2 protein chains.
Amino acid sequence: MTSQLAHDRSTTSTSEEDILRQIEQAVLDHRLPPGTKLKEVQLAELFGVKRGKIRKVLTRLANSRLVVQMPNRGASVAKPSAEEGRDLFATRRAIESAIIETLVVRHDQNIINQLRELLESEQQAYQQGNNKHALALSVDFHRQLAILAGNTVMQEFLNDIIRRTPLVILTHLGSDTDNRCRNQEHEAIVDAIADGDAGKAIEIMNQHLLHIENQIDDKPEIEQPNLATLLLSQ
Amino acid sequence: MTSQLAHDRSTTSTSEEDILRQIEQAVLDHRLPPGTKLKEVQLAELFGVKRGKIRKVLTRLANSRLVVQMPNRGASVAKPSAEEGRDLFATRRAIESAIIETLVVRHDQNIINQLRELLESEQQAYQQGNNKHALALSVDFHRQLAILAGNTVMQEFLNDIIRRTPLVILTHLGSDTDNRCRNQEHEAIVDAIADGDAGKAIEIMNQHLLHIENQIDDKPEIEQPNLATLLLSQ
DNA sequence: TTCATTAATATTGTTAACAATATATTTATT
DNA sequence: AATAAATATATTGTTAACAATATTAATGAA
(Lines give C-alpha, C1' and ligand atoms only; values in the text may rest on other atoms or scores of the structure.)
Protein backbone atom coordinates (compact mmCIF):
# COMPACT_ATOMS: atom_id res chain seq x y z
CA MET A 1 0.00 0.00 0.00
CA THR A 2 1.79 3.04 -1.28
CA SER A 3 1.25 6.33 0.45
CA GLN A 4 0.76 9.57 -1.40
CA LEU A 5 3.79 10.95 0.32
CA ALA A 6 6.51 12.37 -1.84
CA HIS A 7 9.07 10.15 -0.21
CA ASP A 8 9.51 6.48 0.38
CA ARG A 9 11.02 6.27 3.81
CA SER A 10 12.32 2.74 3.34
CA THR A 11 14.38 3.21 0.19
CA THR A 12 15.17 6.92 -0.08
CA SER A 13 17.47 8.57 2.40
CA THR A 14 16.25 12.11 1.90
CA SER A 15 19.14 14.51 2.02
CA GLU A 16 19.10 17.98 3.39
CA GLU A 17 19.57 19.35 -0.11
CA ASP A 18 16.56 17.40 -1.36
CA ILE A 19 14.29 18.75 1.33
CA LEU A 20 15.51 22.26 0.74
CA ARG A 21 14.85 22.01 -2.97
CA GLN A 22 11.42 20.52 -2.48
CA ILE A 23 10.32 23.30 -0.20
CA GLU A 24 11.77 25.92 -2.53
CA GLN A 25 9.99 24.31 -5.43
CA ALA A 26 6.73 24.24 -3.49
CA VAL A 27 7.04 27.98 -2.93
CA LEU A 28 7.91 28.54 -6.57
CA ASP A 29 4.82 26.56 -7.63
CA HIS A 30 2.56 28.60 -5.36
CA ARG A 31 1.80 25.48 -3.33
CA LEU A 32 3.17 27.01 -0.12
CA PRO A 33 1.53 30.40 0.38
CA PRO A 34 3.11 33.13 2.47
CA GLY A 35 2.48 32.79 6.17
CA THR A 36 2.14 29.01 6.19
CA LYS A 37 3.36 27.64 9.51
CA LEU A 38 6.19 25.13 9.15
CA LYS A 39 6.17 22.80 12.14
CA GLU A 40 9.28 20.75 12.71
CA VAL A 41 7.78 17.39 13.68
CA GLN A 42 5.24 17.56 10.91
CA LEU A 43 7.94 18.19 8.30
CA ALA A 44 10.20 15.56 9.85
CA GLU A 45 7.49 12.92 9.51
CA LEU A 46 6.55 14.15 6.06
CA PHE A 47 10.08 13.75 4.74
CA GLY A 48 10.95 10.77 6.92
CA VAL A 49 13.92 12.40 8.62
CA LYS A 50 14.88 13.44 12.12
CA ARG A 51 13.89 16.80 13.47
CA GLY A 52 17.46 18.04 13.49
CA LYS A 53 17.69 17.89 9.74
CA ILE A 54 14.48 19.88 9.34
CA ARG A 55 15.81 22.39 11.81
CA LYS A 56 18.89 22.97 9.68
CA VAL A 57 16.85 23.28 6.51
CA LEU A 58 14.59 25.86 8.13
CA THR A 59 17.60 27.88 9.22
CA ARG A 60 18.97 27.85 5.70
CA LEU A 61 15.61 28.88 4.27
CA ALA A 62 15.47 31.70 6.77
CA ASN A 63 18.90 32.86 5.65
CA SER A 64 17.60 33.28 2.13
CA ARG A 65 14.52 35.08 3.45
CA LEU A 66 12.13 32.45 2.19
CA VAL A 67 11.15 31.61 5.73
CA VAL A 68 10.82 33.66 8.88
CA GLN A 69 11.91 32.23 12.21
CA MET A 70 10.66 33.62 15.47
CA PRO A 71 12.34 32.51 18.70
CA ASN A 72 10.29 29.81 20.45
CA ARG A 73 7.51 30.31 17.94
CA GLY A 74 8.83 28.41 15.02
CA ALA A 75 9.10 29.05 11.34
CA SER A 76 6.65 30.11 8.69
CA VAL A 77 6.80 30.96 5.02
CA ALA A 78 7.81 34.59 4.66
CA LYS A 79 5.27 37.23 3.84
CA PRO A 80 7.33 40.02 2.27
CA SER A 81 6.08 43.56 2.59
CA ALA A 82 5.02 45.52 -0.46
CA GLU A 83 8.14 47.62 -0.06
CA GLU A 84 10.36 44.56 0.00
CA GLY A 85 8.56 43.38 -3.11
CA ARG A 86 9.31 46.61 -4.94
CA ASP A 87 12.91 46.51 -3.74
CA LEU A 88 13.26 42.98 -5.05
CA PHE A 89 12.02 43.98 -8.46
CA ALA A 90 14.15 47.11 -8.60
CA THR A 91 17.20 45.02 -7.76
CA ARG A 92 16.18 42.47 -10.29
CA ARG A 93 16.04 45.10 -13.00
CA ALA A 94 19.57 46.15 -12.14
CA ILE A 95 20.89 42.60 -12.24
CA GLU A 96 19.06 41.49 -15.36
CA SER A 97 20.23 44.64 -17.12
CA ALA A 98 23.81 43.77 -16.25
CA ILE A 99 23.23 40.23 -17.47
CA ILE A 100 21.97 41.47 -20.82
CA GLU A 101 24.88 43.87 -21.09
CA THR A 102 27.28 40.97 -20.59
CA LEU A 103 25.50 38.81 -23.13
CA VAL A 104 25.57 41.52 -25.78
CA VAL A 105 29.27 42.12 -25.23
CA ARG A 106 29.95 38.43 -25.73
CA HIS A 107 28.04 38.46 -29.01
CA ASP A 108 27.92 34.68 -29.33
CA GLN A 109 25.63 33.10 -31.92
CA ASN A 110 25.56 29.91 -29.87
CA ILE A 111 23.92 31.82 -27.04
CA ILE A 112 21.24 33.18 -29.34
CA ASN A 113 20.46 29.72 -30.65
CA GLN A 114 20.06 28.29 -27.17
CA LEU A 115 17.76 31.11 -26.18
CA ARG A 116 15.59 30.68 -29.26
CA GLU A 117 15.20 26.99 -28.49
CA LEU A 118 14.00 27.84 -25.02
CA LEU A 119 11.58 30.40 -26.45
CA GLU A 120 10.11 27.78 -28.73
CA SER A 121 9.43 25.32 -25.90
CA GLU A 122 7.88 28.12 -23.93
CA GLN A 123 5.58 29.09 -26.78
CA GLN A 124 4.59 25.48 -27.36
CA ALA A 125 3.68 25.01 -23.74
CA TYR A 126 1.47 28.08 -23.88
CA GLN A 127 -0.21 26.99 -27.09
CA GLN A 128 -0.85 23.56 -25.62
CA GLY A 129 -2.49 25.27 -22.67
CA ASN A 130 0.03 23.77 -20.26
CA ASN A 131 0.24 26.89 -18.15
CA LYS A 132 2.13 25.34 -15.29
CA HIS A 133 4.90 24.15 -17.56
CA ALA A 134 4.89 27.43 -19.49
CA LEU A 135 5.38 29.36 -16.27
CA ALA A 136 8.29 27.10 -15.32
CA LEU A 137 9.90 27.63 -18.73
CA SER A 138 9.37 31.34 -18.42
CA VAL A 139 11.31 31.35 -15.17
CA ASP A 140 13.92 29.19 -16.87
CA PHE A 141 14.31 31.84 -19.56
CA HIS A 142 15.46 34.41 -17.02
CA ARG A 143 17.68 31.92 -15.26
CA GLN A 144 19.19 30.82 -18.56
CA LEU A 145 20.12 34.40 -19.45
CA ALA A 146 22.09 34.53 -16.21
CA ILE A 147 23.75 31.18 -16.86
CA LEU A 148 24.75 32.15 -20.39
CA ALA A 149 26.16 35.43 -19.12
CA GLY A 150 28.48 33.26 -17.06
CA ASN A 151 28.57 35.33 -13.89
CA THR A 152 27.98 32.98 -10.96
CA VAL A 153 27.29 35.76 -8.48
CA MET A 154 24.60 37.25 -10.68
CA GLN A 155 23.18 33.75 -11.03
CA GLU A 156 23.06 33.37 -7.25
CA PHE A 157 21.44 36.74 -6.72
CA LEU A 158 18.91 36.33 -9.48
CA ASN A 159 17.96 32.92 -8.13
CA ASP A 160 17.59 34.45 -4.73
CA ILE A 161 15.16 37.00 -6.12
CA ILE A 162 13.26 34.50 -8.25
CA ARG A 163 12.71 32.25 -5.24
CA ARG A 164 11.23 35.11 -3.26
CA THR A 165 9.08 36.46 -6.06
CA PRO A 166 6.09 34.11 -5.73
CA LEU A 167 5.67 35.25 -2.15
CA VAL A 168 5.48 38.86 -3.31
CA ILE A 169 2.99 38.03 -6.05
CA LEU A 170 0.74 36.00 -3.79
CA THR A 171 0.85 38.61 -1.05
CA HIS A 172 0.51 41.77 -3.06
CA LEU A 173 -1.01 40.94 -6.43
CA GLY A 174 -4.52 39.75 -7.04
CA SER A 175 -4.47 36.09 -8.05
CA ASP A 176 -6.57 37.11 -11.03
CA THR A 177 -4.12 39.71 -12.30
CA ASP A 178 -1.89 38.81 -15.16
CA ASN A 179 1.42 38.13 -13.45
CA ARG A 180 3.10 35.80 -15.87
CA CYS A 181 5.82 36.72 -18.31
CA ARG A 182 4.75 37.37 -21.85
CA ASN A 183 6.44 35.13 -24.31
CA GLN A 184 6.50 37.81 -27.00
CA GLU A 185 8.49 40.09 -24.71
CA HIS A 186 11.01 37.34 -24.14
CA GLU A 187 11.26 37.00 -27.90
CA ALA A 188 11.80 40.72 -28.36
CA ILE A 189 14.59 40.63 -25.78
CA VAL A 190 16.39 37.86 -27.62
CA ASP A 191 15.97 39.72 -30.92
CA ALA A 192 17.53 42.85 -29.44
CA ILE A 193 20.40 40.84 -27.98
CA ALA A 194 20.95 39.19 -31.35
CA ASP A 195 21.02 42.67 -32.92
CA GLY A 196 23.68 43.69 -30.41
CA ASP A 197 21.32 46.38 -29.17
CA ALA A 198 21.85 46.17 -25.41
CA GLY A 199 19.94 49.38 -24.72
CA LYS A 200 16.83 48.10 -26.45
CA ALA A 201 17.02 44.67 -24.81
CA ILE A 202 17.39 46.27 -21.39
CA GLU A 203 14.52 48.64 -22.07
CA ILE A 204 12.19 45.77 -22.93
CA MET A 205 13.35 43.75 -19.94
CA ASN A 206 12.68 46.69 -17.64
CA GLN A 207 9.20 47.21 -19.04
CA HIS A 208 8.64 43.49 -18.74
CA LEU A 209 9.51 43.59 -15.04
CA LEU A 210 7.89 46.95 -14.31
CA HIS A 211 4.65 45.52 -15.65
CA ILE A 212 4.49 43.28 -12.59
CA GLU A 213 6.32 45.62 -10.24
CA ASN A 214 3.76 48.39 -10.73
CA GLN A 215 0.95 46.10 -9.63
CA ILE A 216 2.49 45.57 -6.21
CA ASP A 217 0.41 47.10 -3.48
CA ASP A 218 -0.62 46.28 0.05
CA LYS A 219 -3.32 43.66 0.25
CA PRO A 220 -5.53 42.19 3.00
CA GLU A 221 -4.72 38.99 4.89
CA ILE A 222 -5.26 35.42 3.82
CA GLU A 223 -6.06 32.49 6.08
CA GLN A 224 -3.80 29.65 7.21
CA PRO A 225 -3.92 26.58 4.95
CA ASN A 226 -3.07 22.91 5.47
CA LEU A 227 0.62 22.09 5.20
CA ALA A 228 0.73 18.49 4.08
CA THR A 229 -1.75 18.92 1.26
CA LEU A 230 0.09 21.88 -0.14
CA LEU A 231 3.56 20.38 -0.02
CA LEU A 232 2.66 17.04 -1.47
CA SER A 233 0.06 17.91 -4.07
CA GLN A 234 1.07 16.68 -7.50
CA MET B 1 42.84 36.30 36.60
CA THR B 2 41.29 37.63 33.43
CA SER B 3 41.93 35.82 30.19
CA GLN B 4 42.64 37.60 26.95
CA LEU B 5 39.60 35.98 25.41
CA ALA B 6 37.06 38.19 23.77
CA HIS B 7 34.28 36.84 25.95
CA ASP B 8 33.65 36.46 29.62
CA ARG B 9 31.95 33.16 29.97
CA SER B 10 30.53 33.92 33.40
CA THR B 11 28.65 37.12 32.60
CA THR B 12 28.09 37.22 28.85
CA SER B 13 25.72 34.80 27.19
CA THR B 14 27.13 35.04 23.71
CA SER B 15 24.34 34.90 21.18
CA GLU B 16 24.47 33.27 17.81
CA GLU B 17 24.21 36.67 16.19
CA ASP B 18 27.19 37.94 18.18
CA ILE B 19 29.39 35.06 17.12
CA LEU B 20 28.35 35.44 13.52
CA ARG B 21 29.15 39.14 13.54
CA GLN B 22 32.50 38.60 15.23
CA ILE B 23 33.61 36.09 12.66
CA GLU B 24 32.37 38.26 9.82
CA GLN B 25 34.23 41.21 11.31
CA ALA B 26 37.38 39.14 11.65
CA VAL B 27 37.20 38.33 7.95
CA LEU B 28 36.52 41.97 7.10
CA ASP B 29 39.55 43.03 9.15
CA HIS B 30 41.78 40.53 7.37
CA ARG B 31 42.35 38.69 10.65
CA LEU B 32 40.91 35.45 9.30
CA PRO B 33 42.66 34.64 6.03
CA PRO B 34 41.09 32.42 3.38
CA GLY B 35 41.56 28.73 4.02
CA THR B 36 41.74 28.97 7.81
CA LYS B 37 40.32 25.82 9.36
CA LEU B 38 37.39 26.47 11.71
CA LYS B 39 37.18 23.67 14.26
CA GLU B 40 33.97 23.36 16.18
CA VAL B 41 35.27 22.60 19.67
CA GLN B 42 37.93 25.24 19.44
CA LEU B 43 35.40 27.90 18.48
CA ALA B 44 32.96 26.65 21.09
CA GLU B 45 35.55 27.07 23.85
CA LEU B 46 36.69 30.39 22.41
CA PHE B 47 33.20 31.85 22.57
CA GLY B 48 32.10 29.96 25.64
CA VAL B 49 29.16 28.25 23.99
CA LYS B 50 28.11 24.72 23.16
CA ARG B 51 29.19 23.10 19.96
CA GLY B 52 25.67 23.11 18.58
CA LYS B 53 25.58 26.87 18.43
CA ILE B 54 28.90 27.00 16.57
CA ARG B 55 27.58 24.41 14.17
CA LYS B 56 24.62 26.60 13.31
CA VAL B 57 26.81 29.66 12.87
CA LEU B 58 29.09 27.76 10.51
CA THR B 59 26.12 26.67 8.44
CA ARG B 60 24.93 30.23 8.16
CA LEU B 61 28.39 31.43 7.18
CA ALA B 62 28.54 28.71 4.55
CA ASN B 63 25.22 29.90 3.16
CA SER B 64 26.68 33.32 2.55
CA ARG B 65 29.77 31.75 0.98
CA LEU B 66 32.11 33.10 3.63
CA VAL B 67 32.88 29.58 4.76
CA VAL B 68 33.16 26.29 2.97
CA GLN B 69 31.88 23.10 4.59
CA MET B 70 33.05 19.70 3.49
CA PRO B 71 31.22 16.62 4.76
CA ASN B 72 33.05 15.01 7.68
CA ARG B 73 35.97 17.35 7.15
CA GLY B 74 34.69 20.48 8.75
CA ALA B 75 34.58 24.11 7.81
CA SER B 76 37.18 26.57 6.69
CA VAL B 77 37.22 30.17 5.56
CA ALA B 78 36.38 30.32 1.88
CA LYS B 79 39.07 30.83 -0.72
CA PRO B 80 37.17 32.29 -3.69
CA SER B 81 38.56 31.67 -7.13
CA ALA B 82 39.82 34.54 -9.27
CA GLU B 83 36.77 34.11 -11.48
CA GLU B 84 34.43 34.35 -8.51
CA GLY B 85 36.33 37.47 -7.48
CA ARG B 86 35.78 39.08 -10.85
CA ASP B 87 32.13 38.05 -10.82
CA LEU B 88 31.69 39.62 -7.40
CA PHE B 89 33.12 42.90 -8.60
CA ALA B 90 31.13 42.91 -11.82
CA THR B 91 27.96 42.34 -9.83
CA ARG B 92 28.97 45.00 -7.39
CA ARG B 93 29.35 47.50 -10.20
CA ALA B 94 25.83 46.74 -11.35
CA ILE B 95 24.38 47.13 -7.87
CA GLU B 96 26.28 50.24 -6.90
CA SER B 97 25.32 51.82 -10.22
CA ALA B 98 21.68 51.17 -9.45
CA ILE B 99 22.15 52.60 -5.98
CA ILE B 100 23.61 55.80 -7.38
CA GLU B 101 20.83 56.03 -9.93
CA THR B 102 18.28 55.84 -7.12
CA LEU B 103 20.08 58.45 -5.05
CA VAL B 104 20.24 60.89 -7.93
CA VAL B 105 16.55 60.46 -8.66
CA ARG B 106 15.75 61.26 -5.04
CA HIS B 107 17.80 64.45 -5.21
CA ASP B 108 17.76 65.02 -1.46
CA GLN B 109 20.09 67.62 0.06
CA ASN B 110 19.95 65.79 3.36
CA ILE B 111 21.53 62.78 1.73
CA ILE B 112 24.37 64.85 0.32
CA ASN B 113 25.06 66.37 3.73
CA GLN B 114 25.24 62.99 5.41
CA LEU B 115 27.62 61.70 2.77
CA ARG B 116 29.88 64.73 3.08
CA GLU B 117 30.08 64.21 6.84
CA LEU B 118 31.18 60.64 6.28
CA LEU B 119 33.77 61.79 3.74
CA GLU B 120 35.22 64.19 6.27
CA SER B 121 35.67 61.51 8.94
CA GLU B 122 37.24 59.28 6.35
CA GLN B 123 39.70 61.97 5.30
CA GLN B 124 40.56 62.77 8.90
CA ALA B 125 41.29 59.15 9.64
CA TYR B 126 43.64 58.97 6.68
CA GLN B 127 45.40 62.20 7.62
CA GLN B 128 45.84 60.96 11.17
CA GLY B 129 47.41 57.83 9.76
CA ASN B 130 44.75 55.63 11.30
CA ASN B 131 44.58 53.32 8.32
CA LYS B 132 42.51 50.65 9.99
CA HIS B 133 39.78 53.12 10.88
CA ALA B 134 40.02 54.77 7.48
CA LEU B 135 39.48 51.46 5.76
CA ALA B 136 36.45 50.79 7.94
CA LEU B 137 35.00 54.20 7.11
CA SER B 138 35.68 53.63 3.44
CA VAL B 139 33.59 50.46 3.58
CA ASP B 140 30.98 52.41 5.49
CA PHE B 141 30.79 54.92 2.65
CA HIS B 142 29.65 52.26 0.21
CA ARG B 143 27.27 50.77 2.72
CA GLN B 144 25.87 54.18 3.51
CA LEU B 145 25.11 54.87 -0.15
CA ALA B 146 23.00 51.73 -0.15
CA ILE B 147 21.24 52.65 3.06
CA LEU B 148 20.43 56.13 1.81
CA ALA B 149 19.11 54.71 -1.45
CA GLY B 150 16.60 52.91 0.76
CA ASN B 151 16.48 49.60 -1.08
CA THR B 152 16.84 46.82 1.50
CA VAL B 153 17.54 44.12 -1.09
CA MET B 154 20.38 46.11 -2.60
CA GLN B 155 21.67 46.63 0.93
CA GLU B 156 21.60 42.89 1.57
CA PHE B 157 23.33 42.05 -1.68
CA LEU B 158 25.97 44.73 -1.35
CA ASN B 159 26.72 43.60 2.19
CA ASP B 160 27.01 40.08 0.91
CA ILE B 161 29.60 41.19 -1.62
CA ILE B 162 31.47 43.41 0.82
CA ARG B 163 31.80 40.56 3.29
CA ARG B 164 33.32 38.30 0.63
CA THR B 165 35.64 40.92 -0.82
CA PRO B 166 38.51 40.64 1.69
CA LEU B 167 38.83 36.97 0.81
CA VAL B 168 39.21 37.87 -2.85
CA ILE B 169 41.75 40.55 -2.10
CA LEU B 170 43.84 38.35 0.18
CA THR B 171 43.71 35.44 -2.23
CA HIS B 172 44.27 37.21 -5.52
CA LEU B 173 45.90 40.57 -4.84
CA GLY B 174 49.38 41.11 -3.51
CA SER B 175 49.21 42.37 0.07
CA ASP B 176 51.48 45.18 -1.05
CA THR B 177 49.19 46.35 -3.83
CA ASP B 178 47.06 49.36 -3.23
CA ASN B 179 43.65 47.86 -2.59
CA ARG B 180 42.00 50.52 -0.50
CA CYS B 181 39.41 52.99 -1.73
CA ARG B 182 40.68 56.43 -2.57
CA ASN B 183 38.99 59.10 -0.59
CA GLN B 184 39.17 61.60 -3.44
CA GLU B 185 37.18 59.25 -5.66
CA HIS B 186 34.51 58.98 -3.00
CA GLU B 187 34.42 62.74 -2.92
CA ALA B 188 34.05 62.96 -6.69
CA ILE B 189 31.16 60.51 -6.55
CA VAL B 190 29.33 62.61 -4.00
CA ASP B 191 29.97 65.74 -6.05
CA ALA B 192 28.49 64.13 -9.14
CA ILE B 193 25.46 62.92 -7.17
CA ALA B 194 25.00 66.42 -5.78
CA ASP B 195 25.14 67.74 -9.36
CA GLY B 196 22.43 65.30 -10.33
CA ASP B 197 24.83 63.75 -12.83
CA ALA B 198 24.14 60.05 -12.39
CA GLY B 199 26.16 59.07 -15.45
CA LYS B 200 29.28 60.73 -14.14
CA ALA B 201 28.87 59.36 -10.62
CA ILE B 202 28.42 55.86 -12.00
CA GLU B 203 31.42 56.25 -14.28
CA ILE B 204 33.64 57.21 -11.36
CA MET B 205 32.29 54.42 -9.21
CA ASN B 206 32.97 51.90 -11.95
CA GLN B 207 36.53 53.10 -12.40
CA HIS B 208 36.90 53.05 -8.65
CA LEU B 209 35.87 49.38 -8.54
CA LEU B 210 37.61 48.36 -11.76
CA HIS B 211 40.83 49.66 -10.28
CA ILE B 212 40.77 46.77 -7.84
CA GLU B 213 38.94 44.33 -10.10
CA ASN B 214 41.64 44.51 -12.76
CA GLN B 215 44.28 43.49 -10.28
CA ILE B 216 42.60 40.17 -9.59
CA ASP B 217 44.61 37.28 -10.84
CA ASP B 218 45.46 33.77 -9.76
CA LYS B 219 48.04 33.64 -7.00
CA PRO B 220 50.08 30.91 -5.28
CA GLU B 221 49.03 29.26 -2.02
CA ILE B 222 49.44 30.54 1.52
CA GLU B 223 50.03 28.45 4.61
CA GLN B 224 47.62 27.62 7.45
CA PRO B 225 47.75 30.09 10.36
CA ASN B 226 46.70 29.85 14.01
CA LEU B 227 43.01 30.37 14.65
CA ALA B 228 42.84 31.74 18.19
CA THR B 229 45.47 34.40 17.65
CA LEU B 230 43.78 35.69 14.54
CA LEU B 231 40.27 35.81 15.90
CA LEU B 232 41.11 37.45 19.18
CA SER B 233 43.83 39.90 18.23
CA GLN B 234 42.84 43.46 19.12
C1' DT C 1 -21.96 34.23 28.72
C1' DT C 2 -17.47 36.54 29.29
C1' DC C 3 -13.30 37.05 31.23
C1' DA C 4 -9.46 35.63 33.79
C1' DT C 5 -6.83 31.74 35.89
C1' DT C 6 -5.10 27.41 35.90
C1' DA C 7 -3.92 23.10 33.95
C1' DA C 8 -2.83 20.22 29.87
C1' DT C 9 -0.77 19.77 25.61
C1' DA C 10 2.10 20.93 21.85
C1' DT C 11 6.13 22.93 20.05
C1' DT C 12 10.63 24.66 20.00
C1' DG C 13 15.36 24.83 22.16
C1' DT C 14 19.47 22.55 24.35
C1' DT C 15 22.40 19.11 25.76
C1' DA C 16 25.21 15.12 26.52
C1' DA C 17 26.24 10.79 24.94
C1' DC C 18 27.30 8.14 21.28
C1' DA C 19 28.40 6.85 16.26
C1' DA C 20 30.95 7.63 12.11
C1' DT C 21 34.67 9.42 9.87
C1' DA C 22 39.06 11.53 9.25
C1' DT C 23 43.69 12.56 10.80
C1' DA C 24 47.83 11.62 13.33
C1' DT C 25 50.81 8.43 15.56
C1' DT C 26 52.92 4.24 16.21
C1' DT C 27 54.57 -0.09 14.90
C1' DA C 28 56.14 -3.48 11.77
C1' DT C 29 58.32 -4.90 7.54
C1' DT C 30 61.38 -4.48 3.73
C1' DA D 1 65.46 4.95 6.48
C1' DA D 2 61.13 4.39 3.75
C1' DT D 3 56.80 2.51 3.15
C1' DA D 4 52.70 0.30 4.65
C1' DA D 5 49.58 -1.36 8.11
C1' DA D 6 47.62 -0.96 12.45
C1' DT D 7 46.41 1.68 16.25
C1' DA D 8 45.18 5.75 18.69
C1' DT D 9 43.40 10.27 18.72
C1' DA D 10 40.74 14.04 17.07
C1' DT D 11 36.89 15.80 14.72
C1' DT D 12 32.48 15.88 12.79
C1' DG D 13 27.65 13.89 12.55
C1' DT D 14 23.35 12.10 14.77
C1' DT D 15 20.21 11.07 18.18
C1' DA D 16 17.19 10.72 22.07
C1' DA D 17 16.08 12.63 26.23
C1' DC D 18 15.10 16.54 28.58
C1' DA D 19 14.20 21.69 29.43
C1' DA D 20 11.90 25.89 28.26
C1' DT D 21 8.39 28.17 26.14
C1' DA D 22 4.13 28.84 23.80
C1' DT D 23 -0.46 27.41 22.68
C1' DT D 24 -4.67 25.37 23.62
C1' DA D 25 -8.23 23.51 26.68
C1' DA D 26 -10.53 23.40 30.98
C1' DT D 27 -12.15 25.44 35.01
C1' DG D 28 -14.20 28.79 37.88
C1' DA D 29 -15.89 33.52 39.20
C1' DA D 30 -18.18 37.78 37.87
Side-chain angles (χ1 to χ4, degrees), chain A residues 7 9-20 23 32 35-79 221 223-231, chain B residues 7 9-20 23 32 35-79 221 223-231:
Chain A
H7 306 278
R9 212 183 167 301
S10 53
T11 57
T12 320
S13 96
T14 318
S15 84
E16 203 178 300
E17 241 56 42
D18 281 338
I19 299 171
L20 194 80
I23 295 180
L32 266 185
T36 312
K37 197 90 209 310
L38 299 170
K39 297 186 192 172
E40 298 178 356
V41 281
Q42 197 178 358
L43 287 171
E45 286 168 7
L46 215 53
F47 288 105
V49 297
K50 290 281 155 5
R51 195 157 66 93
K53 200 167 270 184
I54 296 296
R55 221 142 209 290
K56 203 174 162 196
V57 168
L58 289 175
T59 306
R60 291 180 60 181
L61 288 167
N63 272 345
S64 52
R65 307 260 190 271
L66 229 61
V67 152
V68 173
Q69 280 180 314
M70 275 164 69
N72 294 318
R73 308 194 48 181
S76 54
V77 178
K79 212 190 295 193
E221 287 291 318
E223 78 288 357
Q224 180 76 351
N226 179 276
L227 175 58
T229 330
L230 299 167
L231 252 178
Chain B
H7 304 279
R9 213 182 168 301
S10 52
T11 58
T12 320
S13 97
T14 318
S15 83
E16 203 178 301
E17 240 57 41
D18 281 337
I19 300 171
L20 194 80
I23 296 179
L32 266 185
T36 311
K37 196 90 211 303
L38 299 171
K39 297 185 190 173
E40 298 178 356
V41 282
Q42 196 178 359
L43 287 171
E45 285 168 8
L46 215 53
F47 289 105
V49 298
K50 291 283 154 10
R51 197 158 64 95
K53 199 166 270 184
I54 295 297
R55 221 139 209 292
K56 203 173 162 197
V57 168
L58 289 175
T59 307
R60 291 180 60 181
L61 287 168
N63 273 343
S64 54
R65 308 258 191 272
L66 229 60
V67 153
V68 173
Q69 281 179 315
M70 274 165 70
N72 292 318
R73 308 194 47 181
S76 54
V77 177
K79 212 189 299 193
E221 286 291 315
E223 77 289 358
Q224 180 76 347
N226 178 275
L227 175 58
T229 330
L230 300 166
L231 251 178

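Residue numbers begin at 1 in each chain, while the letters A, B, ... track the order of the sequences. Here the structure is a predicted model, which is why all the values come from computation and not from measurement.
- In this structure, CZ in B/Arg73 is found 8.0 Å from NZ in B/Lys37, a value given to the nearest 0.5 Å.
- To the nearest angstrom, P of C/dC18 lies 14 Å from CZ of B/Arg51.
- When distances are taken from the side chain of B/Glu40 to each of C/dT15, D/dG13, C/dT12, the shortest belongs to D/dG13.
- Looking only at side-chain heavy atoms (C-beta outward), A/Leu58 and A/Leu43 come within less than 4.5 Å of each other.
- Under a 4.0 Å N-O distance rule, the pair B/Glu45/B/Lys39 does not qualify as a salt bridge.
- When the P atom of C/dT15 is taken as reference, atom NZ of A/Lys50 falls 22 Å away, rounded to whole Å.
- At the phosphate of D/dT11, OP1 or OP2 sits under 4.0 Å from a side-chain N or O atom of B/Lys39.
- Taking every side-chain heavy atom of A/Asn72 into account, C/dG13 is the closest of D/dA16, D/dT12, C/dG13.
- When the P atom of C/dT14 is taken as reference, atom NZ of A/Lys56 falls 17 Å away, rounded to whole Å.
- Rounded to an integer number of Å, the gap from B/Glu16 CD to C/dG13 P is 10 Å.
- Taking atom CD of A/Gln42 as the reference point, atom P of D/dT23 lies 16 Å away to the nearest angstrom.
- In this structure, A/Gln69 places its CD atom 17 Å from P of C/dT11, rounding to the nearest Å.
- Each of B/Arg55 and A/Arg73 has a nearest nucleotide on DNA chain D; the 5'-most of these lies closest to B/Arg55.
- Atom-to-atom, CE of B/Met70 to P of D/dT11 comes out at 17 Å; the value is rounded to the nearest Å.
- Rounding to whole angstrom units, NZ of residue A/Lys53 and P of C/dT12 are separated by 19 Å.
- Here the straight-line distance linking atom CD1 of B/Ile54 with atom OG1 of B/Thr59 works out to 11.0 Å at 0.5 Å rounding.
- No contact: A/Gly52 has no heavy atom under 4.0 Å from any strand.
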